[in-house]
Amino acid sequence: MNPLLAHLNAPQLAAVTLPPVHALILAGAGSGKTRVLTTRIAWLISTGQVSPPGILAVTFTNKAAKEMQTRLAGMLPINVRGMWIGTFHGLCNRLLRAHHRDAGLPQLFQILDSADQQSAVKRLLKSLNVDDEKFPPRELCHFINAQKEQGLRPAAVEAWDDWARKRVGLYEAYEAQCQREGVVDFAELLLRSYELLERNEPLCRHYQERFRHILVDEFQDTNKLQYKWLKLLAGGGANLFCVGDDDQSIYAFRGADVGNMADFEREFKVTNLIRLEQNYRSHGNILDAANAIIKNNPSRLGKNLWTEAGSGEPIRVHEAYGEGDEARWIVEEVKALQRDGHTRAEIALLYRSNAQSRALEHALFNAGLPYRVYGGLRFFERAEIKHALAYLRLIANTDDDTAFARVVNFPTRGIGARSLETLQDAAKAANSSLHAAIPQVGGAGGAKLAAFAQLIVTLRDAAHLPLPELVDHVLELSGLRAHYRNEKEGQERLDNLDELINAAASFVAEEGTPDPDGEITGQYGNDLSSFLAHASLEAGEHQAGEGDDALQLMTVHSAKGLEFNVVFIGGLEDGLFPHENSMNEDKGLEEERRLMYVAVTRARQRLYLSFAQTRMLHGQTRYNLPSRFLDEVPEELVKWLTPRAGKGGFAMQDSASGSYGSAGASSYGATPRRSESSGGSGFRIGQSVMHAKFGLGVIINAEGSGSDARVQVNFGNAGMKWLALSIAKLEAA
DNA sequence: TGGGAGTGCTTTTTT
DNA sequence: AGCACTCCCA
């Protein structure tokens, strides 16, 4: 047996070795989803069914993409760096850099993150004299992104009244502004690359022919546009292999559409639907609870997790008076767990909304327990870092008005609102960028602006320096360092700025390499612009001390994909979890329930659920009922740590390698070579075959020789078969 | 320019 | 309650 395939269970094996057909893998929590995805890629490559450039693998987070690359690198002796494995946004960026001309973008186009986008919108409203009470920038951004995520340009958006028409007009003006400034927001990355392929037939055909196998992770989280993008790329006969879990779809609120799973099944006539239901993570009671909860959702594709592990411990439920009591109880419980030998890093405190972390942090701080809060400001989102990046962006592109506006008077150089207004008017009149309009401003303000323009020129002169030195140079000449040195609490910010130099240095060392398949995709641009793209696309985790043994605090959303030995889910109250705002939404409760399902399935060994009778929220004390999700956990799985709540005050119930890359460098000596045949029959592992009755299949194993030769074939939905070559009529397909 | 007072918002979030 | 943001005055 191919060692790649060892240790896979039957459905995993079936999925990994599927013949070249479209497939939908329903992968339950903890069922080995990433493993299937990466092993599938390794299998396809090592059996010679596809070469690495023929693979396109898409994920949602950088973390997931990196994980896939790392694991793949461990399975195959190939350079995974050049492969098209990445996030939707990262891959689109790559595509647009390579074909920036065809996409109508400057080579060094910059990427706006959400905050940049909002300030760009604010600036736009101001320049058009639009009342931002009537069109709140935040809401306008949402609207614009939502349109783009449905693939709609302004002309295609329907508007029935004046206000809606005005809004579409602003969308249009925003696009024009971005185009003039040479910047692109996140949704634009997707839409622009979709349109690029859709309109440029030869280019589209090139990529369609190149990518033979497209694999998608977390497919339930794709939005409409992402699905269209995938369909377009798969339009040339590539095989789409989508892995997802409808029960873990928790991002509908930002445009994810689980309906894509059903659409995919229908539109691609998917007959190969494989369920991965064996869970390798949690003990039985935890899984039973999760199954019982999610069973209450109607429209599911259907799936039931099971485990070979025992039932394990009961699920512990605790009732507290207020959020402070809840937090103190958790602290005591954590201390007890530590005494029993649990490490803090293996304990997670999950909550529905960020505001809940405060009470927990307070109690943990008082108890002196180290903890780490996920979420919140990340490195590249810090103000001082964004300031420094803005100077770098101006070096790359002086027309980037967002960057210009951010730092033209930071550190302050006496360029006030008046001068800026004059400048904005001049820019608008000349339809130019702010930077380009500087010569037209006279007076004292004009002189100061000219000095700023001179500063940018001086900085640009240093653009040839190695990136880390350039960053250092910018920090010094811009006056940022001096500014923070004079600030009382500036030391941390200075440290962060120094850290930015380190980030630049390690970026150059690790990723600053040019695209390996340069003749097709062109080059990325220079170090500076790829570093800036990196900063936008990968904001970076914020807190240091990753290696420290600290409790893990995070929202349920950010816990998706993670697992812990012990999990506390706090604030299980109606109104909080499920959240009251979700109740008005269509299908809101179902998404909350999936969220609860995700939360529960994070736990390996022990799960605590807790709620409080009163909770301070928005400055007011609220009295909540226990969460309805608590009632959905079967009683027999539960151990109440406090007298059981609800039902009338009960008493305490205590109770492949040779086919590609450096030949022979395989780490798997036994991996069949591409040239090897099975028993001299002319067939080889990985070969697609056709059988009169079972249809298309792929050979995954072989034994015997001559008249005894037998091969194992995966026929997809027709199953896995051993066939004697002397009897079965197999034809190469 | 910067600080103090007043105002409004507050589910979840990656890229 | 706590935070970000704006506005106004010295």
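Residue numbering restarts at 1 for every chain, and letters A, B, ... go by the order of the sequence lines.
Using a 4.0 Å heavy-atom criterion, one finds that A:Asp132 contacts no nucleic acid atom at all. Within 4.0 Å of A:Gly416, counting heavy atoms only, lies no atom of the nucleic acid at all.
In summary, the side chains of A:Asp185 and A:Gln117 do present a donor paired with an acceptor at a separation below 3.5 Å, with no hydrogens or angles considered.
Between A:His557 and A:Phe253, the ring centre distance stays below 6.0 Å.
Stacking of A:Arg167 on the aromatic ring of A:Phe143 is recorded, both the 6.0 Å distance cut-off and the 45° axial limit being met. Relative to the six-membered ring of A:Tyr597, A:Arg593 misses at least one condition, a distance below 6.0 Å or an angle of at most 45° to the axis.
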Checklist entry - Could you run down nucleotides 2-10 of chain C 5' to 3' and tag each one B, S or - for protein heavy-atom contact under 4.0 Å? => result SS-------

Checklist outcome for this item: Expected string for nucleotides 5-15 of chain B under the B/S/- scheme (protein heavy atoms, under 4.0 Å, primed atoms plus P, OP1, OP2 as sugar-phosphate) is -----BBBBBB

Next on the checklist: Could you walk me through whether A:Asn496 and A:Phe379 satisfy the side chain to side chain contact (heavy atoms under 4.5 Å, CB included) test, starting with their C-alpha distance in whole Å, then the side-chain angles of each, then the deciding distance to 0.1 Å, before giving a yes or no?
Outcome noted: CA-CA 8 Å; A:Asn496 285 332; A:Phe379 182 71; 4.2 Å; yes

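Residues A:Cys178 and A:Glu188 have side chains not in contact (no heavy-atom distance under 4.5 Å, counting atoms from C-beta outward).
Atoms CG (A:Asn486) and C1' (B:dG2) sit 14 Å apart, rounded to a whole Å.
Aromatic ring orientation, A:Phe380 versus A:His534: perpendicular (interplanar angle above 60°, classes split at 30° and 60°). The aromatic rings of A:Trp84 and A:Tyr207 sit tilted, their planes meeting at an angle between 30° and 60°.
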